[in-house]
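Proteins get letters first, then strands, A, B, ... in listed order; numbering begins at 1 in each.
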2 protein chains.
Amino acid sequence: MSLPHAILTALLERPSSGLELTRRFDMSIGYFWSATHQQIYRELGRLETQGHIRALPAEQPARGQKKAYEVLPAGRAELARWTAEAQDPKPLRDTLLLRLRAAAVVGTAGIEDDLRRHLTLHERQLAEYREIEARDFGPDRDTAQDRLRHLILRAGIDLETFWTGWLTHALEEFGRLPDASRPRGE
Amino acid sequence: MSLPHAILTALLERPSSGLELTRRFDMSIGYFWSATHQQIYRELGRLETQGHIRALPAEQPARGQKKAYEVLPAGRAELARWTAEAQDPKPLRDTLLLRLRAAAVVGTAGIEDDLRRHLTLHERQLAEYREIEARDFGPDRDTAQDRLRHLILRAGIDLETFWTGWLTHALEEFGRLPDASRPRGE
DNA sequence: CTCCATTGTGCAACTAGTTGCACAATGGAG
DNA sequence: CTCCATTGTGCAACTAGTTGCACAATGGAG
């Protein structure tokens, strides 16, 4: 039940059409809540019938025509309610760790390359976050809003730092695993 | 498509019944791939019809009766195939970060308590992982299997370290936010 | 003018995960 | 013996997310 709230947040930051939202999800909100354009359109429909958002008046809102939405007071209230609500952290589900555990049983053949690939991806993401930080968060931008957003970006940076560090360590370990002792059969 | 592979891994480590699997998911595999007992039973059924596992011979495998499964060669092969396969890291979806972003727009009221609660939960999890590390990974246990499992546990420890560190930092920031400047209205 | 790539919106079917139950076997308390 | 908590297995309905398309409008290339 988080996608509607992600959309409400994005629309409060700036009223947008479905496609604009999709782009913004790809660039910024999507760093911690990804969504496809199909999900977004579906949810926009729901939010509209619930009276949480409304289409901005426009001429001819037909298919293939930009239709921008803005948040109504009810939507803002719902977002505030949801934000303040206590929520448990959802348990981790990570395929890579699972695969490593499987590799401990069926053998590590093949997985090393993919670890390396993941490392590259995470390094790239980290670099991107660092650029954003350098660009958007100078010491001058220091309102409460800026600080909160910086905090969120920091989480992204720290997470990617964790992954790159851990993957580097993992690859070192793999290098040290004596070939003969690599798990394989029963 | 990871749950079946999580189950195959667990069953290779030790043949088990549905309930035993459920318990093991709560304790160990579940740290990075959680699943409910309903999911597990459903998947056991599928894996059995696919010929990846089979029920260990037992008298009277009726309802309410323990039924243990073991992995067949086809299942092991499938797990090895899946493990070696390249897979993209799935994009992050984190509610807490999303809520923080929402808070930057609708106000931070209420969220601070929950950050504190999350901090406690993550500290607890971290302590648990550290205990496991101290108990199960002495310098003596040093086969390739041990090293891989230790690596996985390390990921858990580092992740929880990230969260506790970041949450602590976030709460400090919140303390510094001048009440007056906390975002609220439009 | 015509075609075709691009932009924009959306439906339908599917897969994965969650929630809420149902019900059988077992063993100990009374 | 009877009841009831516990252990164990499972179905059904639902929610959330993914995949694969369809189709309308627009504008520039030819």
> Hey, is the side chain of A/Lys67 poking within less than 4.0 Å of OP1 or OP2 on C/dG10, counting only N and O atoms?
Replying inline: yes
> Do the ring planes of A/Trp166 and A/Trp163 sit parallel (below 30°), tilted (30 to 60°) or perpendicular (above 60°)?
Replying inline: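 A/Trp166 and A/Trp163: perpendicular rings.
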> Is the A/Trp82 ring parallel, tilted or perpendicular to the A/His5 ring (thresholds 30°, 60°)?
Replying inline: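 It falls in the parallel class, under 30°.
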> Hey, does A/Thr22 reach any base, or is it just sugar-phosphate, or nothing, if we go heavy atoms under 4.0 Å?
Replying inline: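 Nothing: the residue A/Thr22, judged by heavy atoms under 4.0 Å, touches no strand.
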Looking just at side-chain N and O atoms, do [X] and [Y] make a donor-acceptor pair shorter than 3.5 Å?
X: A/His150; Y: B/Glu173; value: no
X: B/Tyr69; Y: B/Glu20; value: no
X: A/Arg93; Y: B/Ser2; value: no

To the nearest Å, give me how far apart [atom1] ([X]) and [atom2] ([N]) are.
X: B/Leu3; N: C/dG17; atom1: CG; atom2: P; answer: 6 Å
X: A/Leu21; N: C/dG8; atom1: CG; atom2: P; answer: 12 Å
X: B/Lys90; N: D/dA16; atom1: NZ; atom2: C1'; answer: 15 Å
X: B/Leu47; N: D/dG10; atom1: CG; atom2: P; answer: 13 Å

>> Quick test of your reading of the model: are B/Glu13 and B/Arg149 salt-bridged, counting only N-O distances below 4.0 Å?
In response: yes
> Are B/Glu78 and B/Arg81 ion-paired here, with the side-chain N under 4.0 Å from a carboxylate O?
Replying inline: yes
> More 5' along DNA chain D: B/Arg93 or B/Leu19, using each one's nearest nucleotide?
Replying inline: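 Its nearest nucleotide being more 5', the pick is B/Leu19.
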> What dot-bracket string describes DNA chain D from 5' to 3', counting Watson-Crick and G-U wobble pairs whose defining distances are under 3.5 Å, with [ ] for crossing pairs and | for pairs to another strand?
Replying inline: ||||||||||||||||||||||||||||||
>> Short of 4.0 Å, heavy atom to strand atom, which residues of residues 25-46 of chain A count as contacting DNA chain C?
In response: A/His37, A/Gln38, A/Tyr41
> With sequence neighbours left out, what residues match B/Leu19 under side-chain contact (heavy atoms from CB on, under 4.5 Å)?
Replying inline: B/Ser17, B/Arg23, B/Tyr41
